[in-house]
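Because the structure is predicted, anything quoted here is derived from the model rather than measured. Every chain is numbered from 1 and lettered A, B, ... according to where its sequence line falls, protein lines coming before strand lines.
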Amino acid sequence: MTQENQPATPQDENQIIAERRTKLTELRTAGNAFPNTFRRDNLASVLHQQYDEHSNEMLEDDQIVVKIAGRIVLKRIMGKASFTTIQDMGGRIQLYISNDNTGKSTHEAFKHYDLGDIIGAQGRLFKTRTGELSVRVTDLQLLTKSLRPLPEKFHGLTDQEQKYRQRYLDLITNQEARRVFVIRSKVIQAIREFFVTRDYLEVETPMMHQIPGGATARPFTTHHNALDMPLYLRIAPELYLKRLVVGGMEKVFEINRNFRNEGISTRHNPEFTMLEFYEAYQDYCYLMDLTEKMLREVATKVLGTSQVTYQEQIIDFAQPFQRLTITQAIQKFHPEYTDAQLSDHNFLADKLQTLGVTIHTHDGVGGLQLSLFDETTEHLLLEPTFIIDYPAEVSPLARRNDNNPEITDRFELYIAGREIANGFSELNDPEDQAARFQEQVKAKESGDSEAMHYDADYIRALEFGLPPTAGEGIGIDRLVMLLTDSPSIRDVILFPQLRKQS
RNA sequence: GGGUCGUUAGCUCAGCUGGUAGAGCAGCGGACUUUUAAUCCGUUGGUCGUGAGUUCGAUCCUCACACGGCCUACCA
């Protein structure tokens, strides 16, 4: 800090910042302007928990001395005494500063503190006339001078763009933003506990892949200089996790980021967090049971209830989740479709055409049914619903059904009209897998940029023997959206991807 | 990518289909020893997103661009 009085960006400066910069200069002259010797003993939230029920008489009798630190968020000066509210990681508490308790000079200095400054204080607990737990301050210290004015104290920050770009301001001023990210953390914690208590091993597999695989999506590309080799940011960890099951890690899970070079929307961020888990000697039916159990447990643990309200609609995780095939789901909401029509390639192709859906020439009946489902039914699945029996042609990594090789032992879970999870019995036949990779390569060559690559090492791993296994992926961001009633994925990602600021 | 709405003081927002801008909070000065979005008096602060165009004159009308919200497409 050799140029402490030089603004980093002069055009950004205004009168308020200049004023505060002058105060900082005075602090530097008076001594260490950024001391790091104050140690707090208490948190606002804990003090409220412990003492909100105590009467003022009890508090005065007990003479409870506390040391607390935080950011000034409110300030009320009344001549010879002042109140201020500070905010720490757990909440807010009011401080009472008066000439009687701190001496006049400390109180006078406090009057020049600004909203946003970070202070440390020591004093005794008491209750004000209106019954608010407060600290009667005897010692007060400015710990960090804040140079920039905070957003307005009552409305907070409302500009969506600024909330995303300057999340720290959102977190300082908006209680709701903090709530969302605390819940997010607890959700991940609860999921981790759920699997760890079931003897799953948490692992981390590569984020940089030589062959992007495990999903149909366009990857980000990068380059390793020393190896002079192209690399892809992973689109899914699936193939690595199944290699680990081959290696004997029979219950594994990973919670980590995936990257997909596709559109951005209220439901899509280029990097998003995914839970994937695999368990040997189980099938997709077991996964559906496990998923229900997990969501029920996570919701109850984190929110204290199995019922959540998402955008005005109540979702109850305690109710058994429905299980419908693709055609059953279509017919449930659109009974006008007959069984015969739904298995008629020409009918489906015509219907989709009139709905304006682009269909691929290689689509079979199963693919067309899925397109019709996506177009007409998906968004209507508000209560948690498993959709089962996905066509093999769109499930290149899933095991074929024993009774019908055209479909796979696979499900997707829909809640509030959107996909939350995707799971299946894993394809562990290396020759079938090799053939399906070949089909993907063919699709890629004929222009499908999202089709999969042929992963020879993965086939080799399967040839050593993947035990019969069930595996599933759950989009954590979308789950957190549900549990926090957030309309946009950007509201549950601390720093969502935005364009470069102009 | 397409459609649509928005961008005015540090923040939250007004601004009459055209005459170069206002309020509240924050700031500064003053009063006030239990306030709590403290109150009261006074006061500073603006390239009206950027760039063109129309006009005697543009925050306002036209066009382009930038960024963002929402809807939509690909997708999880």
Trainee: Please work out if A:Gly475 contacts a base, only the sugar-phosphate, or nothing of the nucleic acid, heavy-atom cut-off 4.0 Å.
Mentor: nothing

Trainee: Any base atoms under 4.0 Å from A:Asn269, or only sugar-phosphate, or nothing? Heavy atoms, all strands.
Mentor: base

Trainee: Using a 4.0 Å heavy-atom cut-off across all strands, classify A:Glu132 as base, sugar-phosphate, or nothing.
Mentor: base

Trainee: Would you classify A:Arg499 as touching base, sugar-phosphate or nothing, given that sugar-phosphate means primed atoms plus P, OP1 and OP2, and contacts are heavy atoms under 4.0 Å?
Mentor: sugar-phosphate

Trainee: Within the 4.0 Å heavy-atom criterion, would you say A:Leu169 contacts the bases, only the backbone, or no part of the nucleic acid?
Mentor: nothing

Trainee: Reckon A:Ile474 touches a base, only the sugar-phosphate, or nothing at all at heavy-atom distances under 4.0 Å?
Mentor: nothing

Trainee: Are A:Asp455 and A:Arg243 within salt-bridge range, i.e. N to O under 4.0 Å?
Mentor: yes

Trainee: Using the C1' atom as the point on both nucleotides, what is the distance between B:rG1 and B:rG45, in whole Å?
Mentor: 42 Å

Trainee: With rounding to the closest Å, how many angstrom separate the C1' atoms on B:rC71 and B:rC11?
Mentor: 29 Å

Trainee: Examine A:Phe277 together with A:Phe195 and report whether their ring centres are nearer than 6.0 Å.
Mentor: yes

Trainee: Verify the ring-centre separation between A:Phe126 and A:Tyr96: is it less than 6.0 angstrom?
Mentor: yes

Trainee: Mind checking if A:Leu74 touches a base, just sugar-phosphate, or nothing, with heavy atoms under 4.0 Å?
Mentor: sugar-phosphate

Trainee: Categorize A:Glu19 for me: base, sugar-phosphate, or nothing, with a 4.0 angstrom heavy-atom threshold over every strand shown.
Mentor: sugar-phosphate

